[in-house]
Amino acid sequence: THCGSRCIDCGPDEYVETPEYFLQRCTSGHGRFSPKRRRVDVQYPPERVAKAIHLIRNPFHNIIARYHLEHRHYGYKNRTEWLEEHANDKEGLQKYCRDLDETYKKQDEAYFGEGNVPKAPCHGEFYKWTQWHNLAHEGLALIKDHHVPVLTVYYEDYSTKFNTTVARILDFLELEHVGVLPEFSARSDYGGYFTPEQEKQVRDLVKSVASEQTWSQVKHYFK
């Protein structure tokens, strides 16, 4: 389900992908088996996909959540120096964005053109977010022999209309409602990480990268 175009500490040489490669990543995975939990890589034919659920999340929340996850990973690795320089808050994320933008400056200039590198903070992250949704549409269109029905679900719908959203998903998948659903809870501390000017820069970047179909689905996040 993670497909491609999701690396974190990477530049455009790594994160810019084709629909063909994205679809290949979507249909690839691995398992661990005895003895010694040996790794076995597998891939299934894309033609086996009968339906798809396309989940879309607020891009600002998505990038902040990815930073929270990266922060936890550095904590697991006991990278105290990095943690001291990157608090798990707005200031830490802003420094993290500056670090990434500086690290991949040469790659960015080679890909976007000198003087044309997006001004948005963490522009690589927002580029990947937009590209991922483009590739989800384009990858599904590559599947041969049949049209794949798609249900689009917005992450925030779990908070605002949980039961209706669950019912839509079960109905789409032709599954019965079995058991008691746990209560859904989402973090609410995503405000204030980006300035109004930065939000405008992100909007300009997303709109320039998004396909017409993707932009129609995500433009409401930038009103």
Q) Between D101 and D108, which heavy-atom pair has the shortest distance, and what is it? A) O-OD2, 4.2 Å
Q: Classify the ring geometry between H86 and Y96 as parallel (under 30°), tilted (30 to 60°) or perpendicular (over 60°).
A: perpendicular
Q) Stepwise, does the ring pair (Phe, Tyr, Trp, His ring centres under 6.0 Å) test hold for W82 with H73? A) CA-CA 11 Å; W82 188 94; H73 286 166; over 10 Å; no
Q.
Parallel, tilted or perpendicular, judged at 30° and 60°: which one describes the rings of H133 and W129?
A. perpendicular
Q: Please check if any side-chain donor atom of N88 sits under 3.5 Å from a side-chain acceptor atom of Y74, or the reverse.
A: no
Q) Does the side chain of Q107 come under 3.5 Å of the side chain of E14 through a donor N or O and an acceptor N or O? A) no
Q) How are the rings of Y158 and F162 set relative to one another: parallel (under 30°), tilted (30 to 60°) or perpendicular (over 60°)? A) tilted
Q) Is the centre of the Y104 ring less than 6.0 Å from the centre of the Y111 ring? A) no
Q. At their closest point, which heavy atom of F112 faces which heavy atom of H123, and how far apart are they?
A. CE1-CD2, 4.4 Å
Q: Report the C-alpha distance between Y127 and Y15 in whole Å, list the side-chain angles of each, state the deciding distance to 0.1 Å, and finish with yes or no for ring pair (Phe, Tyr, Trp, His ring centres under 6.0 Å).
A: CA-CA 9 Å; Y127 186 105; Y15 67 67; 5.6 Å; yes
(Q) Given 3.5 Å as the limit, does a donor-acceptor pair link the side chain of E47 with the main chain of D145, or not? (A) no
(Q) Using the rule given for ring pair (Phe, Tyr, Trp, His ring centres under 6.0 Å), can you reason through Y221 versus F60, listing the C-alpha separation, both sets of side-chain angles and the distance that settles it, and then say yes or no? (A) CA-CA 9 Å; Y221 290 119; F60 298 102; 8.6 Å; no
**Q.** Under-4.0 Å salt bridge between R57 and E156
**A.** no
Q) Side chains of E17 and S5: is there a donor and an acceptor less than 3.5 Å apart? A) no
(Q) A cation-pi test, strictly: NZ or CZ of K207 under 6.0 Å from the centre of the six-membered ring of F222 and no more than 45 degrees from its axis. Yes or no? (A) no
Q) Does a side chain donor of either Q43 or H30 reach within less than 3.5 Å of an acceptor in the other side chain? A) no
